[in-house]
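Ligands are counted one by one from 1 in listed order, and the atoms in each one are counted from 1 as well.
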Amino acid sequence: MSLVKLYDTTLRDGTQAEDISFLVEDKIRIANRLDEIGIHYIEGGWPGSNPKDVAFFKDIKKEKLSQAKIAAFGSTRRAKITPDKDHNLKTLVQAEPDVCTIFGKTWDFHVREALRISNEENLELIFDSLEYLKTRVPEVFYDAEHFFDGYKANPDYAIKTLKAAQDAKADCIVLCDTNGGTMPFELAEIIREVRKHISAPLGIHTHNDSECAVANSLHAVNEGIVQVQGTINGFGERCGNANLCSIMPALRLKMKAECVSDEQLKKLRDLSRFVYELANLSPDKHQPYVGNSAFAHKGGVHVSAIQRHPETYEHMRPELVGNMTRVLISDLSGRSNILAKAEEFNINMDSKDPVTLEILDNIKEMENRGYQFEGAEASFELLMKRALGTHRKFFSVIGFRVIDEKRHEDQKPFSEATIMVKVGGKVEHTAAEGNGPVNALDNALRKALEKFYPKLKEVKLLDYKVRVLPAGQGTASSIRVLIESGDKEARWGTVGVSENIIDASYQALIDSIEYKLHRAEDAEGVRK
Ligand SMILES: CC(=O)SCCNC(=O)CCNC(=O)[C@H](O)C(C)(C)COP(=O)(O)OP(=O)(O)OC[C@H]1O[C@@H](n2cnc3c(N)ncnc32)[C@H](O)[C@@H]1OP(=O)(O)O
Ligand SMILES: CC(=O)C(=O)O
């Protein structure tokens, strides 16, 4: 299959998503990463919309992009004025982009209701806006807004709007499924009809309101479209745009289209996470191709088979997009899950070893009580070490007390914890305040232990999640606490379950500290 050009609109349509906003500096950093991964066109924003987008087009000129072209977005001119008087068109030219992309109306209903002009006037708007830009910018693309809905309502008029763009010599005419309601089988048929009238290169821009944006984009490529527009992680207005993180591997690996290189594709997961990070959003773990769960195997039958051959339960090698196979531990596990995990932790185990079955039984029994090891791999590693007798006891807790009091109606509650630990032969008794009882306990525990193990100063509590189980027992329910901790080198998860939230938190905190101490000692051992 021949070259398909990728057009990214994360910095424009992506920012039309609820909760997403980028600083100019963020946009510049993302643009650099899009260039690195081989995106051909980067739509930086709408300069006629706001000063931030004007600043982007100024600042991006200072960057040394390796190949990507920068596109500025806008609309056809306003009715009743000429293009040279139109503020939007003038700012597009002043931004000095490599490409201008303007959207215009295809659907006669929109011409009537949104623009409130005649069908004929709209054709003039399209033609003379593009003609004006053609002589002032290196490349000009035309986004035919609501193309598929417009075609279904009035095919003759929809084709006339495309002809106006073609007559003005638009370099690419992009068919947009703006409301995201088009089905893949309709889309392919409509593109075939368009081809009978339009010879200009065609592009596709789809939205995900019917969960068909990626499928529609791939169908469009199958119909000979040469430019695919989308966003990283599918960010975009309403339900989002076509997700380039799914489109890129599908084009390259499944449709064998020329778009980015194999080396560039390996950066896809990193790019996805980078964009989530700058958007200040948690990555979607179930996202195809790049999500944490995309190649995570939970069922024992699956794990057993992928160890014999990964393709039994993986549609492609995860490394091709920079992802990896993961094995999850849960009450759906079999011996294969335990053995795969042991291998990951460099622990020698045999499937016939009674310890394997003991660990399996233990996990199933603990999960029955509410433990969950999928997000608590550090607790699971410690559990294995305990069963194998390789667990090392760095300290013991003799006892702790947590006080949480509110001394006056108007005052904030006050939390304090005291703890007594024993390290070797020495007993340490400390107290600490905290922002809530769990934080106070965490502070007291670290304060007591850091004296003996200074490396614990590196540990940060990154996330703390509480889940009430099972539902229906109100404040007497069991509580599961999941903690995520980290240091300069790694992040790890631990779990605790109890009817008492402090006790559940305490268990997860102890596991986190023990895990860090095991890692630190193992690293020392390697260095010796
Ligand atoms: C399908 C898409 O995603 S298109 C992109 C949508 N993105 C955005 O809207 C984000 C950026 N937008 C903005 O910053 C502002 O909307 C602006 C600066 C562009 C315009 O602001 P305003 O002048 O206040 O207009 P407003 O936001 O109310 O938009 C409606 C106007 O746009 C006009 N308009 C809409 N589509 C088009 C078009 N294709 N060509 C010409 N004018 C258009 C309407 O006729 C209306 O003009 P009127 O008020 O003179 O009748
Ligand atoms: C142009 C555009 O963003 C759309 O039609 O959805």
Side-chain angles (χ1 to χ4, degrees), residues 7-18 20-22 41 43-54 56 71-83 85-92 95 99-119 121-130 132-133 141-151 158 161-162 164-165 170 172-182 187 203-210 212-213 216-217 220 227-231 234-242:
Y7 183 109
D8 179 278
T9 175
T10 308
L11 306 180
R12 195 278 299 175
D13 221 342
T15 64
Q16 286 177 221
E18 188 171 4
I20 294 191
S21 165
F22 295 118
Y41 296 100
E43 191 171 82
W46 183 334
S49 162
N50 60 73
K52 199 161 78 172
D53 283 3
V54 173
F56 170 82
F73 181 83
S75 72
T76 49
R77 70 166 166 83
R78 294 292 171 106
K80 316 273 184 270
I81 49 171
T82 52
K85 300 272 180 326
D86 187 82
H87 170 74
N88 169 50
L89 292 180
K90 282 199 294 185
T91 48
L92 277 174
V99 182
C100 274
T101 303
I102 55 165
F103 76 97
K105 303 290 185 194
T106 318
W107 194 355
D108 54 0
F109 161 64
H110 255 264
V111 176
R112 198 169 59 243
E113 297 299 333
L115 297 189
R116 301 197 166 157
I117 57 175
S118 70
N119 283 355
E121 276 176 292
N122 181 48
L123 297 179
E124 285 164 19
L125 243 68
I126 297 169
F127 178 83
D128 60 26
S129 303
L130 288 166
Y132 171 84
L133 291 173
F141 298 157
Y142 175 64
D143 277 359
E145 195 194 16
H146 294 111
F147 177 73
F148 296 94
D149 294 320
Y151 184 88
T161 66
L162 300 191
C172 185
I173 296 177
V174 184
L175 308 178
C176 301
D177 185 28
T178 307
N179 292 2
T182 305
L187 174 128
I204 186 79
H205 173 115
T206 59
H207 279 264
N208 206 28
D209 304 67
S210 313
C212 291
N216 277 340
S217 304
Q227 181 190 118
V228 177
Q229 301 197 349
T231 61
F235 293 167
E237 184 92 33
R238 303 182 310 277
C239 308
N241 283 59

> For ligand 1, which of its N or O atoms have a protein N or O partner closer than 3.5 Å, and how long is each gap?
unit_1   : atom_1 : unit_2 : atom_2 : d
ligand 1 : 3 (O)  : Arg12  : NH1    : 3.4
ligand 1 : 3 (O)  : Gln16  : NE2    : 3.3
ligand 1 : 7 (N)  : Gln16  : OE1    : 3.2
ligand 1 : 14 (O) : Ser49  : OG     : 2.7
ligand 1 : 23 (O) : Arg78  : NH2    : 3.1
ligand 1 : 39 (N) : Thr76  : OG1    : 3.4
ligand 1 : 39 (N) : Phe103 : O      : 3.4
ligand 1 : 40 (N) : Thr76  : O      : 3.2
ligand 1 : 40 (N) : Thr76  : OG1    : 2.7
ligand 1 : 47 (O) : Arg78  : NH1    : 3.2
ligand 1 : 50 (O) : Arg78  : NH1    : 3.2

> As an exercise, identify every atom of ligand 2 less than 4.0 angstrom from a heavy atom of Cys176.
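Taking each heavy atom of Cys176 in turn, ligand 2 has 5 (O) under 4.0 Å.
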
> Would the distance check show the side chain of Ser210 and the main-chain N or O of Gly180 forming a donor-acceptor pair, the cut-off being under 3.5 Å?
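Side chain of Ser210 to backbone of Gly180, a donor-acceptor pair under 3.5 Å: yes, one is there.
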
> Using side-chain hydrogen bond (donor to acceptor under 3.5 Å, both in side chains) as the criterion, point out the one residue from Thr9, Asp13, Thr101, Asn216 that pairs with His205.
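When side-chain hydrogen bond (donor to acceptor under 3.5 Å, both in side chains) is applied between His205 and each of Thr9, Asp13, Thr101, Asn216, only Asp13 qualifies.
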
> Are any non-hydrogen side-chain atoms of Phe73 and Asp143 less than 4.5 angstrom apart?
yes

> Which residues pass the salt bridge (Lys or Arg N to Asp or Glu O under 4.0 Å) test with Glu124, not counting sequence neighbours?
none

> Heavy-atom pairs closer than 4.0 Å: do any link ligand 2 to the side chain of Arg12, the backbone, both, or neither?
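The part of Arg12 near ligand 2 is the side chain, not the backbone.
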
> Run the numbers on Asp177 and His207 for side-chain contact (heavy atoms from CB on, under 4.5 Å), then give the verdict.
CA-CA 6 Å; Asp177 185 28; His207 279 264; 5.8 Å; no

> Would you mind telling me which of Arg112, Arg77, Lys80 makes a salt bridge (Lys or Arg N to Asp or Glu O under 4.0 Å) with Glu121?
Lys80

> Does Asp13 reach ligand 2 with a nitrogen or oxygen that is under 3.5 Å from one of the ligand's nitrogen or oxygen atoms?
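Yes; at least one N/O pair falls below 3.5 Å.
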
> Answer with side chain, backbone, both or neither: which part of Asp143 has a heavy atom less than 4.0 angstrom from an atom of ligand 2?
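The side chain, only.
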
> So if I count the atoms of ligand 2 from 1 in the order they appear, which ones are less than 4.0 Å from some heavy atom of His207?
6 (O)

> Which residue and atom name correspond to the protein heavy atom nearest atom 5 (O) of ligand 2, and how close is it?
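Protein heavy atom with the smallest distance to atom 5 (O) of ligand 2: Thr178 OG1, 2.6 Å.
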
> Near Glu113 CD, under 6.0 Å, is it more than 12 heavy atoms from other residues, nucleotides or ligands?
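More than 12 within 6.0 Å, yes.
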
> Using side-chain heavy atoms (C-beta onward) and a distance below 4.5 Å, is Asp209 in contact with Asn179?
no

> If you measure from each non-hydrogen atom of Glu237 to ligand 2, which part falls under 4.0 Å: side chain, backbone, both or neither?
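Glu237 to ligand 2: no contact under 4.0 Å from either part.
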
> For Ile126 versus Thr76, what's the shortest heavy-atom pair and its separation?
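Ile126 and Thr76 have their closest heavy atoms at CA-CG2, 3.9 Å.
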
> Would you indicate whether the side-chain heavy atoms of Asn122 and Asp108 approach each other to under 4.5 Å?
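Asp108 does not reach Asn122 side chain to side chain.
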
> List the closest protein heavy-atom neighbour of atom 2 (C) of ligand 2: residue, atom name, distance to the nearest 0.1 Å.
His205 NE2, 3.3 Å

